[in-house]
Number of protein chains: 2
Amino acid sequence: MKQPSQKDLHFAVLATDVALFSVRDNMLLVRLVSVNRPPYFPNTQGLPGGLIDPKETAEEAVARHLETKAGVAASTLYIEQLYTFSTVNRDPRGRVVAVAYLALVPWEQLSAKQQANTKDAWWAPVSEARKLAYDHDEILAVALARLRSRATYTTLIGRLMPKEFTLTELEHVYESVIKTKLDKRNFRKKILKLDILSELPRKRASGPHRPAQLYRFSSEKVRDIEVL
Amino acid sequence: MKQPSQKDLHFAVLATDVALFSVRDNMLLVRLVSVNRPPYFPNTQGLPGGLIDPKETAEEAVARHLETKAGVAASTLYIEQLYTFSTVNRDPRGRVVAVAYLALVPWEQLSAKQQANTKDAWWAPVSEARKLAYDHDEILAVALARLRSRATYTTLIGRLMPKEFTLTELEHVYESVIKTKLDKRNFRKKILKLDILSELPRKRASGPHRPAQLYRFSSEKVRDIEVL
DNA sequence: CCAAAAGTGTTTTTCCTACACCCATGT
DNA sequence: ACATGGGTGTAGGAAAAACACTTTTGG
């Protein structure tokens, strides 16, 4: 581990960490990577991330590290800045300030390879993502709080949905994000009144029951409109 | 201007900038400081700020710079992180990443010296704070948007109020922050129902009219409760 | 014909909005 | 007595919450 030189006095190592979420089978998942940095963090797990280069913005660094470490193409993602963590000893090896990001991706938009779990990167239910390296437990907690909060007053949830979905599927994703059971009739009335969905000219049959009407979000934009 | 060395490859200069607001005479004010950095920013103005030292958090740096450059004691302030600005060329002299903060202080809690305007630091109505150095116009715009947004669904406004105030004063501060005229009767009903104020056992007489009941915020904490 | 999820309406209660006059005081 | 800001109530409309049965399909 290197000693700080005089030159470093006003410099710090700048990094990004990303809480990347997706939803599969009504379960909220977060992308984790293996971390093996003895002696402090041998053989453990953490959020994907890495250093910010001098010639790139924090956003560009996030995209780069997601592609190389988490195996996810940034172009399909929604990314927003979360919080900057600057506690002096958050990395025991030296001063590292992390600009953390919240990212979302629809499960169906991931390739089979991206959906798969390897020993280097995998999807974990958020309820099981604990004991992370560095201060990643805290970063994840902040990311979850932000996701849950913004899901209630923006159209952020749209970035977790596939292109086409049923109202029941949308309701389930809401329920898994905000951890609350919703009333089917009231949910449908509210979400349709918001005028953010478009009815598609087809239905999906998926079992021994009535086929469900398909919808899509009218806009890709995340709007700040009261929901729920 | 210095050339980047190999050593700097993963390092950046880290700084903080602060949008510090207060309210005087129902006018929202922001603290500005003089900036004189030729050739890019000769004889202009900007938000207070400065570098983050390797041994301090961003929050500690904010407090330090507010005291030395803006002449305001950090202990009386409310400070929350706003956003991190990492555009590569936001400072033409070199790579500087800024962790920006939003800060609030009740006007009455400032000393006469802190209230005073000098050539180095002064209070300006937000409507007149334009043409700032660096990307401080953008930082100020983000800070104002955040302040206005959070004022509507948190008790943030409490950090702009003196210890004791009348409901009319509180209403005026709301109006100056969100730039909207409110209905006196509805405002009083709503704010009292929220149960965040405590009625004090005294009134304030201030002219040829009925004295006004004094209140205080029951808690110093900024809570996330629907208001307005 | 049975099981399973899709889809639909009404009533009750709560909250929001609009709006105008009397009260207590200082001069 | 008058001018000034402090203080109060109600009615109508909109939105939220609670709640159960019918429809369409596959097997």
Side-chain angles (χ1 to χ4, degrees), chain A residues 23-27 151-155 157 161-162 164-176 178-216 223-228, chain B residues 23-27 151-155 161-162 164-176 178-216 224-228:
Chain A
V23 171
R24 189 207 341 147
D25 300 338
N26 302 330
M27 191 153 42
T152 66
Y153 64 90
T154 72
T155 60
I157 204 93
M161 301 303 297
E164 304 186 353
F165 50 86
T166 69
L167 291 186
T168 300
E169 285 168 347
L170 181 59
E171 184 189 332
H172 287 332
V173 174
Y174 264 111
E175 289 173 339
S176 73
I178 65 176
K179 279 195 180 320
T180 308
K181 183 85 181 70
L182 301 173
D183 179 274
K184 179 164 64 161
R185 282 173 288 193
N186 292 338
F187 174 77
R188 283 162 186 247
K189 261 177 285 175
K190 234 183 285 186
I191 204 82
L192 290 176
K193 168 115 57 113
L194 285 174
D195 202 34
I196 54 178
L197 302 182
S198 302
E199 191 175 311
L200 295 171
R202 59 182 160 278
K203 305 192 177 209
R204 175 191 297 159
S206 66
H209 53 82
R210 186 168 169 176
Q213 177 63 50
L214 289 169
Y215 292 84
R216 63 174 173 83
R223 284 205 300 147
D224 271 30
I225 285 294
E226 189 65 38
V227 195
L228 298 180
Chain B
V23 171
R24 187 205 346 147
D25 299 340
N26 301 330
M27 191 152 45
T152 66
Y153 64 91
T154 71
T155 60
M161 301 303 298
E164 305 185 353
F165 51 85
T166 68
L167 291 186
T168 300
E169 285 168 347
L170 181 59
E171 184 190 332
H172 286 334
V173 174
Y174 264 111
E175 290 174 338
S176 72
I178 65 177
K179 280 197 179 319
T180 309
K181 183 84 180 72
L182 301 174
D183 180 273
K184 178 164 66 162
R185 281 172 290 193
N186 293 338
F187 174 77
R188 284 163 188 247
K189 261 178 286 177
K190 235 184 283 186
I191 204 82
L192 290 176
K193 167 118 52 121
L194 285 173
D195 203 34
I196 54 178
L197 302 182
S198 302
E199 190 174 311
L200 295 171
R202 58 182 163 277
K203 304 191 176 208
R204 175 191 298 157
S206 68
H209 54 82
R210 187 168 168 177
Q213 178 64 49
L214 289 170
Y215 292 83
R216 63 175 174 82
D224 271 31
I225 284 296
E226 189 65 38
V227 194
L228 296 179

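Chain letters run A, B, ... following the sequence lines, proteins first, then strands; residues in each count from 1.
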If you go through the side-chain atoms of B/Lys181, does one of them form a donor-acceptor pair with the base of C/dT17 closer than 3.5 Å? no
Tell me whether B/Gln213 contacts the main-chain N or O of B/Leu200 through its side chain, where contact means a donor paired with an acceptor under 3.5 Å. yes
What is the distance, rounded to the nearest whole Å, between atom CD of A/Glu199 and atom C1' of C/dT8? 14 Å
Want to settle it: does B/Leu192 or A/Lys189 sit nearer the 5' end of DNA chain D, counting the closest nucleotide to each? B/Leu192
Rounded distance in Å - CD (A/Glu169) to P (C/dA6): 8 Å
Tell me: CZ of A/Arg185 to C1' of D/dC19, nearest whole Å? 5 Å
What contact category does B/Ala205 fall into here, base, sugar-phosphate, or nothing, at under 4.0 angstrom with non-hydrogen atoms? nothing
Any idea which of D/dA3, D/dT24, C/dA24 is nearest the A/Pro211 side chain? D/dT24
Mind checking whether A/Phe165 and A/Tyr215 have ring centres under 6.0 Å apart? no
Which listed nucleotide (D/dT8, D/dA3, C/dG7) is nearest to the side chain of B/Arg188? D/dT8
Winner on side-chain proximity to A/Thr168, out of D/dT4, C/dA6, D/dT8, is C/dA6
Is any NZ, NE, NH1 or NH2 atom of the basic residue among A/Glu164 and A/Arg202 found under 4.0 Å from an Asp or Glu carboxylate oxygen of the other? yes
Separation of atom CD in B/Glu171 from atom C1' in D/dG7, rounded to whole Å: 12 Å
Answer with base, sugar-phosphate or nothing: what part of the nucleic acid does B/Lys184 contact at a heavy-atom distance below 4.0 Å? base
For the side chain of B/Thr180 and the backbone of B/Ile178, is there at least one donor-acceptor N/O pair under 3.5 Å apart? yes
On DNA chain C, more 5' by nearest nucleotide between A/Gln213 and B/Gly207 is A/Gln213
Short N-O contact, A/Glu171 and A/Lys184, less than 4.0 angstrom: no
Using whole Å, what does the distance between atom C1' of nucleotide C/dG7 and atom CG of A/Asp183 come to? 13 Å
Interatomic distance, A/Leu167 CG vs C/dG7 C1' [rounded to whole Å]: 10 Å
Rounded to the nearest Å, what distance is computed from the CG atom of residue A/Asn186 to the C1' atom of nucleotide D/dA15? 11 Å
Rounded distance (Å) that lies between atom C1' of C/dC21 and atom CZ of B/Arg210: 12 Å
